[in-house]
There are 2 protein chains.
Amino acid sequence: MSETCAVSIDQRMRADIAEAIFDQRMAPGTRLSEAGLGEIYGVSRTVVRKALFHLAADKLVDIRPNRGAIVWQPSPAEAHEVFVARRVLETSLLAEGLARMTETDHAALDRILAADIAAHEAGDRQAMIRASGDFHRRLAAPANNSVLLAFLDELIGRSSLIIALYEARDAAPCSHHDHQALLAEIATGDVARAQAALAEHLRDCQNRLVLDAPSAETPALADLLHRPRRA
Amino acid sequence: MSETCAVSIDQRMRADIAEAIFDQRMAPGTRLSEAGLGEIYGVSRTVVRKALFHLAADKLVDIRPNRGAIVWQPSPAEAHEVFVARRVLETSLLAEGLARMTETDHAALDRILAADIAAHEAGDRQAMIRASGDFHRRLAAPANNSVLLAFLDELIGRSSLIIALYEARDAAPCSHHDHQALLAEIATGDVARAQAALAEHLRDCQNRLVLDAPSAETPALADLLHRPRRA
DNA sequence: GAAGGTCGAATTGTATCCAATTGGCCGAGC
DNA sequence: GCTCGGCCAATTGGATACAATTCGACCTTC
């Protein structure tokens with residue numbers, strides 16, 4: 001009843017939490033107590049747990065047995081791996097899909113780019129992150145493989161979290177200039193050059209991260225691990 | 001506390017069900033009733049649901065709202081996509097990892113190959129599927145990216161299900177001769193040739209599937225959907 | 001004063017209970 | 001004879017109740 005749209009309440013919770021994470025309202029490490037969330041949404045812990053479990057499957061939250069769920073805190077090493085994974089996956093998808101691109105694809109990419117630019121001008125960080133994600137998703141769509149696309153989707157979500165954690169607050173999550181240049185390369189139809197441009201863009205995104213700032217405990221741990229046995 | 005090993009009961013359930021699927025004891029489409037499984041394992045539906053939800057995240061079971069969980073029935077199109085995804089992912093991982101391979105890696109691959117051959121000789125289908133999965137997993141390990149490795153892991157699981165569904169019962173899931181030849185190519189260190197051999201091997205696996213047998217209901221369903229009812 | 005242990009509040013894990021949905025069965029009506 | 005309609009068993013979805021675990025605070029002890 002209550003005709004709460006077509007989406008179930010747990011889907012709404014998942015979307016809300018994900019959005020809050022991407023928008024930096026929820027910092028990594030934030031505790032997500034079952035009772036608290038249930039209170040907010042007016043549902044029992046059962047459905048909260050379902051939502052949290054789903055978010056955990058997407059690697060956006062970390063469920064620690066008997067110790068509750070927190071927003072995922074990727075280590076610098078994990079952040080690195082995610083971006084390497086994106087480079088590998090996206091360049092492959094681009095190679096698969098480039099030849100198959102139609103006018104519709106180009107138009108869609110142009111449209112997303114325009115939205116990206118608009119978000120930049122408006123300084124709307126959340127819209128920028130969303131537009132950037134959409135751009136990369138759309139770029140991979142012509143490869144026409146929903147399995148790989150789902151993987152990319154997960155990686156984009158994790159990237160958003162990583163960017164929210166490690167990137168300077170005022171920096172742009174993804175340069176739309178890069179996207180623009182990339183579209184130019186794509187228009188030429190040269191696979192190798194387009195791949196190179198995409199890889200370079202992702203490397204830039206990665207390099208913009210500051211992997212030493214985060215919180216208080218990770219650096220200390222890393223220090224210990226980097227110290228070879230000689231104390 | 002029942003010292004039930006270190007693994008929780010729901011992990012055991014997941015492993016059992018996955019094994020049963022891969023070993024063709026549970027055919028795709030088999031209903032997995034919550035009460036039934038809870039009875040078998042002596043736990044409440046709560047933990048059964050957790051296990052089923054996890055299996056659904058791995059795409060091994062399909063949870064249909066209000067209608068229960070069944071073993072995933074990939075359509076021919078989905079099966080195709082999974083194998084394309086594997087080709088893309090594994091060749092990329094091989095390119096990333098080939099230069100980094102050590103003696104330990106080669107030894108591990110040889111060991112798995114030996115187990116694979118032994119399983120073939122013994123006619124142990126389950127061991128063959130497991131050995132084949134291990135081989136591909138180990139092949140990807142040197143790339144040293146746990147994110148992509150996790151994706152591959154999921155794809156291997158789904159492949160096992162697909163093979164169980166679509167492959168002739170007496171056929172081998174993966175030719176160990178291919179694996180052997182692939183190792184030879186890898187030993188030369190030629191990335192392009194190793195990639196080609198791997199891609200060819202995966203294409204062979206895919207071609208061995210018979211994608212027309214289990215077509216009892218899908219076409220009929222599609223027909224119905226195209227016809228507005230009540231004329 | 002510091003270290004260690006114990007107790008207690010808070011939170012998660014599991015079981016059980018009730019409501020809602022599904023799908024089939026049977027009977028009424030055309 | 002066939003179809004449409006409403007009941008009924010079975011199963012899932014969600015809420016609540018209870019048990020188990022964690023973590024912090026306080027107290028004791030050296």
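Order of the sequence lines fixes the chain letters, A, B, ..., with proteins taken first and strands second; residue numbering starts at 1 for each chain.
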Side-chain donor-acceptor pair under 3.5 Å between A:Arg86 and A:Gln206, yes or no? no

Can a salt bridge be assigned to the pair B:Arg130 and B:Asp134 using a cut-off of 4.0 Å between side-chain N and carboxylate O? no

Between P of C:dG13 and CD of B:Gln11, the distance in whole Å: 13 Å

Please encode protein proximity along nucleotides 10-17 of chain D as a string of B, S and -, counting only heavy-atom distances under 4.0 Å. -SBBSBBB

Please collect all salt bridge (Lys or Arg N to Asp or Glu O under 4.0 Å) contacts where either partner lies in residues 47-65 of chain B, sequence neighbours excluded, each pair once. B:Glu34-B:Arg49

So, using side chain to side chain donor-acceptor pair (under 3.5 Å) as the criterion, who are the partners of B:Glu19 when residues are at least two apart? B:Gln126

Restricting to ring-ring contact (aromatic ring centres under 6.0 Å, His included), what partner residues turn up for B:Phe83, sequence neighbours left out? none

Distance only, no hydrogens: is a donor on one side chain within 3.5 Å (strictly under) of an acceptor on the other, for B:Asp10 and B:Tyr41? no

When the axes are fitted on five pairs at both termini, how much does the helix from C:dG1-D:dC30 to C:dC30-D:dG1 curve, in 10° steps? 0°

Could you pull out all residues at least two apart from A:Arg138 that satisfy side chain to side chain donor-acceptor pair (under 3.5 Å)? A:Asp105

Kindly indicate, with the supporting measurements, whether the criterion salt bridge (Lys or Arg N to Asp or Glu O under 4.0 Å) is fulfilled by A:Asp23 and A:Arg125. CA-CA 7 Å; A:Asp23 204 30; A:Arg125 186 186 176 81; 5.9 Å; no

